[in-house]
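None of the values given here were measured: they were computed from a predicted structure. If you read the sequence from its start, that first residue is 1, and numbering goes on from there. Atoms within each ligand, like the ligands themselves, are counted from 1 in listed order.
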Amino acid sequence: MIRTIGVPTETKDGERRIALDPSAVAMAVSAGFEVRLQHDGGLGAGFSNADYLRVGAKIVPTAGDVWESDLVCKVKEPQPAEWQYFREGLRLFAYLHLAAEPELTRALMSYGVEAFAFETLSYPRGLPLLAPMSEVAGRAAAVMGAFHLADQSGTLLGGAAGVLPARVVVVGMGVAGTMAARGARGMDAEVTGVDIDLARLYELHQQGTITASLASSEFAIGEVVAQADLVIGAALVPGAKAPKLITREHVASMKPGSVVVDLAIDQGGCIETSRPTSLSNPVFIDEGVVHYCVTNVPGQYPRTSSRALSAAVAPRLLDLARDPSSERLNGALNVSKGNIVHKAVADSLSF
Ligand SMILES: NC(=O)c1ccc[n+]([C@@H]2O[C@H](COP(=O)([O-])OP(=O)(O)OC[C@H]3O[C@@H](n4cnc5c(N)ncnc54)[C@H](O)[C@@H]3O)[C@@H](O)[C@H]2O)c1
């Protein structure tokens, strides 16, 4: 039976989000749970210890004190220094992205942690705990892409009188891709949306969110990427390792100083030349093209992101504390009793 819920301070590079804001903590406390928050854990997102004490949280001094809770709810996948706290039967609720994290998966399995992932929870439809952060990351991708394009190639997305606008290609027009396209359109770029879902492309084209649409195939992507100034990768097959849709050859065909943003990097990346980068060292250059492959983009907007994440997570956290077999947690369980129980995750890792 779950009595205590722990919320540790995030430890990933540059990460300033917190999994539960004071309103989410108030909800859990009034439902009868003891919520233990690590001292100053909310500061990065603008929430003080006093804000949490007011809603009935217990502030504890160390990460170890938090991880002794029956259920631990955090934002990002546990970092290696946190694996020492794993133990049999611990219930964990967080972004895990296990298809791209074989070592973490092994650790969760070997300690017998019951690991529930935000990003694969699929009730009632879509991915309701991934969506809020995809929304933030998509908007940020347009901003970061525009910034690095200016920095490296001196190109302004919207062009100017007598000068053509920049060409942006977004691959994967789900939540993140749509917000990235909206951001780039807001800066008056030409935006081509690429997806396998033609109905989705039709809708977005009619709405004016994209200026052109393209059915996804390696050949078609190659043609548009060669002409693009900025490419944003946001394709996802839930739970699985991201499909490699943009090849090294495609990237090499881009003009020097062009930019790729691989949002799908948390699932292994949908661009062949990508590798994970951090908020403190976000870009590298390969084939003359700037790569922005930060795995925790929403971490740079901690106030907005923590509130958006909390609002989505809080009701499901209560479900998880009361009944982990609830249908409202469909798709979330990734590792249980030493086994990978999510099919797409298991297929991607093939241990
Ligand atoms: N880097 C970060 O900080 C960060 C933050 C949030 C989300 N993300 C990631 O962004 C990615 C997208 O998330 P989302 O919430 O938008 O997912 P989503 O499910 O809403 O959208 C994914 C889209 O990809 C499309 N797709 C699948 N296969 C494709 C293919 N072969 N070609 C073209 N399109 C294809 C789907 O049809 C869908 O429209 C995920 O990997 C997610 O984890 C990253």
Side-chain angles (χ1 to χ4, degrees), residues 12-15 17 75-77 95-101 117-122 125-141 143-145 169-182 192-204 209-210 213-222 224-225 231-247 250 260-271 274-279 282 291-302 304-305 308-309 312 331 344-345 348:
K12 189 161 179 149
D13 175 84
E15 184 55 70
R17 283 173 288 179
V75 182
K76 287 307 286 181
E77 67 279 355
Y95 288 115
L96 296 175
H97 301 292
L98 296 183
E101 294 280 351
F118 292 163
E119 74 276 6
T120 53
L121 189 148
S122 54
R125 63 186 176 281
L127 302 167
L129 300 194
L130 180 62
M133 295 303 94
S134 290
E135 193 183 341
V136 173
R139 286 189 196 275
V143 174
M144 294 301 143
V169 173
V170 183
V171 181
M173 294 304 302
V175 177
T178 298
M179 297 316 291
R182 281 177 60 121
T192 300
V194 182
D195 208 293
I196 46 176
D197 182 344
L198 299 186
R200 178 83 181 149
L201 289 179
Y202 175 79
E203 188 188 353
L204 292 171
T209 307
I210 51 180
S213 76
L214 191 67
S216 181
S217 75
E218 186 176 335
F219 181 81
I221 289 174
V224 288
V225 166
V231 173
I232 297 171
L236 173 71
V237 178
K241 213 162 165 58
K244 292 278 183 242
L245 301 171
I246 299 155
T247 64
H250 295 157
V260 296
V261 175
D262 195 348
L263 287 179
I265 193 67
D266 54 2
Q267 293 289 134
C270 64
I271 302 176
S274 296
R275 55 181 157 77
T277 60
S278 60
L279 283 171
H291 287 61
Y292 180 95
C293 306
V294 173
T295 52
N296 56 334
V297 175
Q300 64 200 307
Y301 304 96
T304 302
S305 300
L309 183 62
V345 174
S348 288

Mark up the atoms of ligand 1 that fall under 4.0 Å of a heavy atom belonging to Gln267, in ascending order.
-> 41 (O)
Donor-acceptor contact present, side-chain Thr304 to main-chain Tyr301, <3.5 Å | no
Which residue and heavy atom of the protein sit nearest atom 39 (O) of ligand 1, plus the separation = Asp195 OD2, 2.7 Å
Sub-3.5 Å N/O-N/O distance, Ala176 and ligand 1 = yes
Report yes or no: does Arg200 have a heavy atom closer than 4.0 Å to ligand 1?
-> no
State if Met133 counts as touching ligand 1 under the rule of any non-hydrogen atom under 4.0 Å.
-> yes
Is the side chain of Asp195 donor-acceptor paired with the backbone N or O of Met173 at a distance under 3.5 Å, no angle test?
-> yes
Tell me which protein heavy atom sits closest to atom 31 (N) of ligand 1, plus the residue, atom name and distance to 0.1 Å.
-> Leu245 CD2, 3.5 Å
Looking at atom 35 (C) of ligand 1, what's its closest protein heavy atom, distance included?
-> Ala235 CB, 3.8 Å
Short side-chain to backbone donor-acceptor contact, Thr295 and Asp266, under 3.5 Å = no
Any side-chain heavy atom of Tyr95 within less than 4.5 Å of one from Leu130?
-> yes
Whether Pro298 lies under 4.0 Å from ligand 1, heavy atom | yes
May I ask you to identify the nearest protein heavy atom to atom 21 (O) of ligand 1, giving residue, atom name and distance to one decimal place in Å?
-> Gly174 CA, 3.1 Å
Sub-3.5 Å N/O-N/O distance, Leu127 and ligand 1 = no
For Cys293, does its backbone N or O pair with a side-chain atom of Thr277 as donor and acceptor, under 3.5 Å?
-> yes
For atom 32 (N) of ligand 1, what's the nearest protein heavy atom and its distance?
-> Ser216 OG, 2.7 Å
With respect to Gln267, which candidate in His97, Lys241, Glu101 satisfies the side-chain hydrogen bond (donor to acceptor under 3.5 Å, both in side chains) definition?
-> His97
Short N/O distance, under 3.5 Å, between Leu263 and ligand 1?
-> yes
Kindly say whether Ser278 contributes a backbone atom to a donor-acceptor pair with the side chain of Lys12 at under 3.5 angstrom?
-> no
Relative to ligand 1, is Val175 under 4.0 angstrom through side chain, backbone, both or neither, heavy atoms considered?
-> both
Identity and separation of the nearest protein heavy atom to atom 12 (C) of ligand 1 = Ala234 O, 3.4 Å
Beyond-backbone contact of Glu119 with Leu127, side-chain heavy atoms, under 4.5 angstrom | no
Hey, which atoms in ligand 1 end up nearer than 4.0 Å to a heavy atom of Ala264?
-> 41 (O)
Please could you name the atoms of ligand 1 that Asn296 approaches to less than 4.0 Å, counting only its heavy atoms?
-> 3 (O)
Measure from the side-chain N and O atoms of Ser305 to the backbone N and O of Pro298, and report whether any donor-acceptor pair falls under 3.5 Å.
-> yes
Could you pull out, from Val261, Ile196, Ile246, Leu236, the option with a heavy atom nearest to atom 29 (C) of ligand 1?
-> Ile196
Val294: numbered ligand 1 atoms lying under 4.0 Å from its heavy atoms | 1 (N), 2 (C), 3 (O)
Do any N/O atoms on Thr295 end up under 3.5 angstrom from N/O atoms on ligand 1?
-> yes
Listed partners of Ser217 passing side chain to side chain contact (heavy atoms under 4.5 Å, CB included), at least two apart = Phe219, Ala220
Which ligand 1 atoms does Val297 reach within 4.0 Å, using its non-hydrogen atoms?
-> 1 (N), 2 (C), 3 (O)
For atom 15 (O) of ligand 1, what is the nearest protein heavy atom, given as residue, atom name and distance?
-> Ser134 OG, 2.6 Å
Closest to atom 41 (O) of ligand 1 among protein heavy atoms sits Asp266 OD1, 3.3 Å
Atoms of ligand 1 under 4.0 Å from any heavy atom of His97, numbered from 1 in the order shown, are 43 (O)
May I ask you to test the Arg17-Asn296 pair for a side-chain heavy-atom distance under 4.5 Å?
-> yes
Is any side-chain heavy atom of Leu204 less than 4.5 Å from a side-chain heavy atom of Ser213?
-> no
Is any side-chain heavy atom of Leu245 closer than 4.5 Å to a side-chain heavy atom of His250?
-> no
Mind checking whether Arg139 and Val136 have side chains closer than 4.5 Å, heavy atoms only?
-> no
Give the numbers and elements of all ligand 1 atoms closer than 4.0 Å to a heavy atom of Ala137.
-> 4 (C), 5 (C), 6 (C)
